[in-house]
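The structure appears right after this line, and notes come after that.
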Amino acid sequence: QVQLVESGGGLVQNGGSLRLSCTTSGRSSRDYAMGWFRQAPGQEREFVADIPRIGSGTRYAESVKGRFTISRDDAKNTAYLQMNSLKPEDTAVYYCAASEYYPLITDFISTWGEGTLVTVSS
């Protein structure tokens with residue numbers, strides 16, 4: 001069974017940048033479509049971005065289009081989320097997800113990471 005470990009979260013000022021990483025262990029990342037979700041305090045978990053196993057069909061939530069970029073390096077078993085022009089409303093716990101199906105749909109996600117906190121100060 002694959003496991004996911006996120007890293008790269010932290011505190012950043014309004015307008016700043018962060019890059020999140022999600023590394024798989026137990027199985028190759030090549031076996032999965034990968035994605036990112038986030039959950040702000042008091043809110044439900046929401047989709048941020050996803051990327052298929054092969055090809056270029058990435059998807060983004062409207063709220064992050066043009067600011068966030070998802071990518072993957074299967075030689076390193078790692079998916080990334082580059083976040084630029086961060087806003088206070090981006091503050092949330094960010095979760096990595098792996099799925100055998102694309103696009104990622106919550107009910108069919110096989111594995112979740114434990115999450116990494118991103119805090120954007122105003």
May I ask you to decide if [Y]'s main-chain N or O and [X]'s side chain share a donor-acceptor pair within less than 3.5 Å?
| X | Y | value |
| --- | --- | --- |
| R72 | P52 | yes |
| Q39 | A92 | no |
| S99 | A33 | no |
| Q13 | S121 | no |
| E6 | C22 | no |

Separation between CD1 of I109 and CE of M34, rounded to the nearest 0.5 Å: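 Separation between the atoms: 10.5 Å.
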Distance (rounded to the nearest 0.5 Å) between E89 CD and S122 OG: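 The CD atom of E89 sits 10.0 Å away from the OG atom of S122.
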Side chains of [X] and [Y]: do they bring a donor and an acceptor to under 3.5 Å?
| X | Y | answer |
| --- | --- | --- |
| Y32 | R27 | yes |
| N77 | T23 | no |
| N84 | S17 | yes |
| Y94 | R38 | yes |

Ring centre gap for W36 and F68 strictly below 6.0 Å: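 No; F68 has its ring centre 6.0 Å or more from that of W36.
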Aromatic ring proximity, centroids under 6.0 angstrom, F47 and F37: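 Yes: the rings meet the under 6.0 Å criterion.
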State, to 0.1 Å, how close [X] and [Y] come at their nearest heavy-atom pair, and which atoms those are.
| X | Y | answer |
| --- | --- | --- |
| L18 | L86 | N-CD1, 3.9 Å |
| N14 | P88 | OD1-CD, 3.5 Å |
| T91 | V120 | OG1-N, 2.9 Å |
| Q1 | T111 | NE2-OG1, 3.3 Å |
| L81 | A49 | CD1-CB, 4.3 Å |

Would you kindly confirm whether [X] and [Y] end up in one hydrophobic cluster when ILVMFWY residues are joined by side chain heavy atoms under 4.5 Å apart?
| X | Y | answer |
| --- | --- | --- |
| V12 | M83 | yes |
| I70 | V2 | yes |
| L4 | W112 | no |

Note: K76-D74 ion pair, threshold 4.0 Å (strictly below):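 Judged by the 4.0 Å cut-off on N to carboxylate O distance, K76 and D74 do not form a salt bridge.
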Y95 six-ring centre to R45 NZ/CZ under 6.0 Å and within 45° of normal: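 Yes, R45 and Y95 form such a contact.
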Passing candidate, side-chain contact (heavy atoms from CB on, under 4.5 Å) with Y80, options I51, D73, T69: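 Result: among I51, D73, T69, D73 is the only option passing the side-chain contact (heavy atoms from CB on, under 4.5 Å) with Y80.
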Side-chain touch D90/R67, heavy atoms, less than 4.5 angstrom: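 When only atoms from C-beta onward are counted, R67 and D90 do touch, with a gap below 4.5 Å.
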Heavy-atom side-chain contact between L20 and T116 under 4.5 Å: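 Answer yes - side chains close enough.
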More than 12 heavy atoms from other groups under 6.0 Å of CD on E100: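 Check passes, neighbour count above 12.
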L11 atom CG, neighbour heavy-atom count above 12 within 6.0 Å: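 Yes, the 6.0 Å shell around CG holds more than 12 heavy atoms from other groups.
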